[in-house]
Amino acid sequence: MPRAITLLTEDFADWETSLINATARAYYGFDCRYASPGGTLVTSMGGLRVTPDLALEDIDLEQLDLLMICGGAFWQSGQPLEIGALLRDAQARGIVLAGICDGTRVLAQAGVLDRLQHTSNSAANLLSVNYGGAAHYQDVAHAVADQRVITAPGSAPVSFMEQILRTLGIDDQNLQDYIALHAAQHRRQG
């Protein structure tokens with residue numbers, strides 16, 4: 001059973017990682033868990049209250065397949081939360097890392113994106129953290145996967161889910177049908 005942990009902070013963007021967690025758990029049997037600073041209850045931008053499974057500080061990377069960083073206002077608040085060492089260690093172990101929206105800022109600050117193609121909400125969003133990967137930024141509206149690291153703007157939870165699952169080696173007909181189902185809403189009628 002693949003194991004996934006999603007990092008949540010106060011005012012996390014609840015729509016950004018809910019699709020990947022629900023799909024991974026319900027359809028592919030993932031063990032999906034949540035972590036927050038200190039393991040404290042967090043409330044999303046939409047008012048969803050989540051009691052995490054563990055403290056961010058207690059994450060054990062052994063036997064972990066996926067570590068995701070959910071976006072939200074916290075990542076631009078200037079409040080200190082040093083997780084760079086955790087992210088670099090996860091990357092060195094080959095654990096899939098995924099950041100969406102302002103979760104990409106955390107990957108950039110840790111140096112994870114310095115040599116990889118990546119995206120975010122905007123190039124300026126990442127430049128503000130003084131990272132070294134600006135030459136590899138992709139100005140696209142969908143998720144980007146490169147060397148087991150997935151990044152996406154906050155408006156792309158569907159392609160974020162797709163790229164994570166494909167990076168983990170899941171690319172079956174069920175996933176293709178599910179992506180087609182989500183894409184159908186964007187087709188013009190008439």
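All values below come from the heavy atoms of this structure, side chains included, with hydrogens, waters and symmetry mates left out. Position 1 is the first residue of the sequence; numbering continues from there.
- Annotation: side chain to side chain contact (heavy atoms under 4.5 Å, CB included) contacts of S128 (sequence neighbours excluded): R105.
- Here the shortest heavy-atom pairing between D14 and G47 reads OD2-N, 4.4 Å.
- The minimum heavy-atom distance between L19 and Y178, with the atom names listed, is CD1-OH, 3.3 Å.
- Under the 4.5 Å side-chain heavy-atom criterion for grouping Ile, Leu, Val, Met, Phe, Trp and Tyr, I95 is connected to I69 within one hydrophobic cluster.
- Minimum interatomic distance between R3 and L64 (heavy atoms only, all atoms of both residues): O-CD1, 3.5 Å.
- The shortest distance between side-chain heavy atoms of V50 and F12 falls below 4.5 Å.
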Verdict with supporting geometry, L175 and M161, side chain to side chain contact (heavy atoms under 4.5 Å, CB included): CA-CA 10 Å; L175 178 59; M161 172 204 62; 4.3 Å; yes

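- Residues V106 and L54 are members of one and the same hydrophobic cluster, defined by side-chain heavy-atom contacts under 4.5 angstrom among Ile, Leu, Val, Met, Phe, Trp and Tyr.
- Applying the side chain to side chain contact (heavy atoms under 4.5 Å, CB included) rule to N21 yields the partners T6, T17, C32, Y34, M68; only residues at least two apart in sequence or on another chain are considered.
- With contacts defined as side-chain heavy-atom distances shorter than 4.5 Å, the pair V149/Q91 qualifies.
- Contact detail for A110 and L87: the closest heavy-atom pair is CB-CD1, 4.1 Å.
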Step-by-step side chain to side chain donor-acceptor pair (under 3.5 Å) determination, Y137 to N125: CA-CA 11 Å; Y137 182 80; N125 188 40; over 6 Å; no

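- Taking CG of L56 as the reference point, atom CG of L8 lies at 10.5 Å (rounded to 0.5 Å).
- A distance of 12.0 Å separates CD in E57 from CD in E82, rounded to the nearest 0.5 Å.
- Annotation: side chain of L86 is in contact with side chain of L61 (closest heavy-atom distance under 4.5 Å).
- A side-chain donor-acceptor contact under 3.5 Å links T104 to the backbone of C101.
- Rounding to the nearest 0.5 Å gives a distance of 9.5 Å between OH of Y28 and CD1 of I20.
- Residues passing the side chain to side chain contact (heavy atoms under 4.5 Å, CB included) test with Q163 are A143, A145, I150, sequence neighbours excluded.
- Applying the 6.0 Å contact sphere to CZ of R25 captures no more than 12 heavy atoms from other residues, nucleotides or ligands.
- Sorted by first and then second residue, the pairs that involve residues 59-75 and meet side chain to side chain donor-acceptor pair (under 3.5 Å), not counting sequence neighbours, are E62-R93.
- The hydrophobic clustering, which links ILVMFWY residues whose side-chain heavy atoms are closer than 4.5 Å, places L67 and L107 together.
- In terms of hydrophobic clustering, with Ile, Leu, Val, Met, Phe, Trp and Tyr side chains grouped at heavy-atom distances under 4.5 Å, L165 and M1 are assigned to different clusters.
- Listed here is the closest heavy atom pair of Q138 and H136: NE2-O, 3.3 Å.
- We find the CD-CE distance between E10 and M45 to be 11.5 Å, quoted to the nearest 0.5 Å.
- Sorted pairs that involve residues 144-161 and meet side chain to side chain donor-acceptor pair (under 3.5 Å), not counting sequence neighbours, are lacking altogether.
- Looking at L7 and I59, their side chains come closer than 4.5 Å, going by heavy atoms from C-beta outward.
- With values rounded to the nearest 0.5 angstrom, R88 atom CZ is found 11.5 Å from L97 atom CG.
- One distance of note links CD1 of I5 with CZ of R33; it measures 7.5 Å at 0.5 Å rounding.
- Under the 4.5 Å side-chain heavy-atom criterion for Ile, Leu, Val, Met, Phe, Trp and Tyr, Y27 and L168 are members of the same hydrophobic cluster.
- Contact of the I83 side chain with the Q109 side chain is not registered, since no non-hydrogen atoms from C-beta on lie closer than 4.5 Å.
- For R115, the salt bridge (charged side-chain N to carboxylate O under 4.0 Å, His left out) test picks out no residue, with sequence neighbours left out.
- Scanning all heavy atoms of the two residues, the minimum distance from S36 to V42 falls at CB-CG1, 3.9 Å.
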